[in-house]
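Structure first, then comments.
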Amino acid sequence: MLRIITQQTEAQQELQRISARTHDDAIVHKEATVNEIVQTVRRQGDKALLHYTAEFDGQSLTVDRLRVSGAELDAAYQQVSKELLKAIELAAQNIDAFHRQRMPKSWVTFGEDDVVLGKRYNPVDRAGIYVPGGRACYPSTVLMNAIPAKVAGVPQIAMVTPPGADKNLNPAVLVAAQVAGIEEIYRVGGAQSIAALAYGTDTIAKVDVITGPGNIYVTLAKKLVYGTVGIDSLAGPSEVLIIADRNANPQHVAVDLLAQAEHDPMAAAILITTDMTLATAVQAAVEQQLVNHPRRTLTEKSIAHYGLIAIVETLEQAAELSNRFAPEHLEIKTDDPWALIDRIRHAGAIFLGDSTPEAVGDYLAGPNHTLPTSGAARYASALGVETFMKHSSLIQYSPAALSKVGNAIQALTQAEGLFSHGESVRLRLNDVATERLRQRDE
């Protein structure tokens, strides 16, 4: 049963509990396990990959079967419907178009005394993309990770994903990868695949950045290898928070809550509303929609532990509670959702109006669905082309420009006790002065 809370203090406490749901004592044990896996792969390479794939995925592979063959990639197209292929291609077009709008541009400015300043953007040389398997297949995750990397100009992209039954990979995932321009694909998942991407093996070359969501073991592995490689984020269980007024459709609100809860037993589904009538109607609709739900057991666990309806007096209070939680996904189902948008400070993605369920953004709209979770939206953003790029500063000073600021630089170097820093300026200033005297005497 989806709980209804009417006291704001209790609602704040519950939101804090839900936000911290991944920080428990069991994580310590998992961290030790992940560290052992990562270090073993680092030492033993492909041998460890095969061992852990047999142990955790129940699939016995040989080294030559780690990489998906061209024949398998070709065959995948024959195993998906034309309708699904068109949907994948449409989603890819929208994602590509959106991320092209976000491409940072290199720039240079020319100031007084021939001072040149600028910023130069370049993609990383090689990226690794993790696509989860297990409970479901995720062609959308392939597109959301691969396309921004392609748009950024990354020349080499490797994808890893756990093998399914009979060592096969889902054909929709393989088709999505090819539509996104990825053909280097390995049938390996879990913490071991993250280690392989970070440190390299004889079969899988080392990457510079790893992106993509996964289970707690994948997340901990990404945390462990960060610094050796860059990562997108430490994604936790998914979450949605819905702000709704009395005119919201309770059936729509209920199904959007369940759409989040069906992801994972630790997914969070939260409604904040000003109307008790809506709250009770949503509560009843959730129960009714669960009756024949194909993922009922999993979804009920999520709703029971991390589902919540909070009653507030005003939409402004609802916005403030939402900001405290900083949700991954925020749906605003009010008469005028844009009237509330200026009060929202922290959210990974914002869905406005009743005709915009989260599924629109998850699959097809174009903005990325890899978003900050567990309150990280307070300081982090969605995955994008920037994830696969880095920038270098450009600085050029003329002798005249250095002469103007040389004394200030030397004062700062003296304050910090860095002698040679100061000397690097003083010697040049002396050279400038000597050259001026020479030119005057000629």
Side-chain angles (χ1 to χ4, degrees), residues 92 94-130 141-159 180-182 184 194 197-200 205-213 219 222-235 326 345-349 366-373 376-398 401-402 404-405 408-409 412-413 416 418 421 424-425:
N94 291 347
I95 295 165
D96 182 273
F98 178 85
H99 286 83
R100 287 191 183 280
Q101 297 296 320
R102 296 183 58 185
M103 273 291 289
K105 295 182 179 179
S106 300
W107 56 268
V108 175
T109 61
F110 300 90
E112 294 182 8
D113 299 310
D114 295 326
V115 171
V116 181
L117 299 174
K119 188 167 285 189
R120 184 168 179 263
Y121 289 88
N122 279 304
V124 299
D125 290 337
R126 182 169 165 82
I129 293 169
Y130 186 90
T141 298
V142 178
L143 301 178
M144 292 290 183
N145 283 266
I147 291 174
K150 277 290 184 181
V151 171
V154 179
Q156 297 181 24
I157 306 172
M159 188 179 98
I182 311 301
E184 184 184 345
I194 301 299
L197 291 173
Y199 298 111
K206 179 185 185 305
V207 302
D208 302 304
V209 171
I210 300 173
T211 70
T219 300
K222 288 169 69 177
K223 180 180 179 181
L224 192 61
V225 301
Y226 176 66
T228 299
V229 294
I231 63 171
D232 51 348
S233 65
L234 298 174
R345 301 189 305 277
H346 312 304
N368 211 283
H369 77 196
T370 302
L371 300 162
T373 61
R378 296 191 312 275
Y379 57 82
S381 306
L383 182 147
V385 291
E386 306 94 329
T387 309
F388 301 97
M389 304 186 80
K390 63 274 189 320
H391 56 79
S392 303
S393 300
L394 301 176
I395 307 167
Q396 181 178 9
Y397 266 50
S398 66
L402 184 61
K404 279 190 174 181
V405 299
I409 295 173
L412 290 167
T413 66
E416 295 189 357
L418 296 174
H421 279 64
S424 71
V425 174

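Quick caveat, the model's predicted, so the values are computed rather than measured. Below, all heavy atoms of this structure are taken into account, side chains as well, without hydrogens, waters or symmetry copies.
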Open item on the list: For the NE2 atom on H346, are there more than 12 heavy atoms of other groups (residues, nucleotides or ligands in this structure) within a distance under 6.0 Å?
Closed with: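 Enclosed.
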Open item on the list: Just to verify, what does T219 make a side chain to side chain donor-acceptor pair (under 3.5 Å) with, not counting sequence neighbours?
Closed with: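 Listed in chain order: nothing, the list is empty.
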I want to check something: taking the side chain as every heavy atom from C-beta on, are [X] and [Y] in contact at a cut-off of under 4.5 Å?
| X | Y | result |
| --- | --- | --- |
| F388 | P123 | no |
| H421 | E416 | no |
| K390 | V124 | yes |
| P104 | V385 | yes |

Task: Side chains of T387 and D232, donor plus acceptor under 3.5 Å - done: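 No, D232 and T387 have no side-chain donor paired with an acceptor closer than 3.5 Å.
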Check whether any side-chain N or O of [X] sits under 3.5 Å from a backbone N or O of [Y] as a donor-acceptor pair, and report yes or no.
| X | Y | value |
| --- | --- | --- |
| R100 | V151 | no |
| N368 | A382 | no |
| D114 | A401 | no |
| K222 | L234 | no |
| D96 | A92 | no |
| T373 | A235 | no |
| S106 | Y121 | yes |

Open item on the list: Working to the nearest 0.5 angstrom, can you tell me the gap between I210 CD1 and I231 CD1?
Closed with: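 Nearest 0.5 Å value for the CD1-CD1 distance: 8.5 Å.
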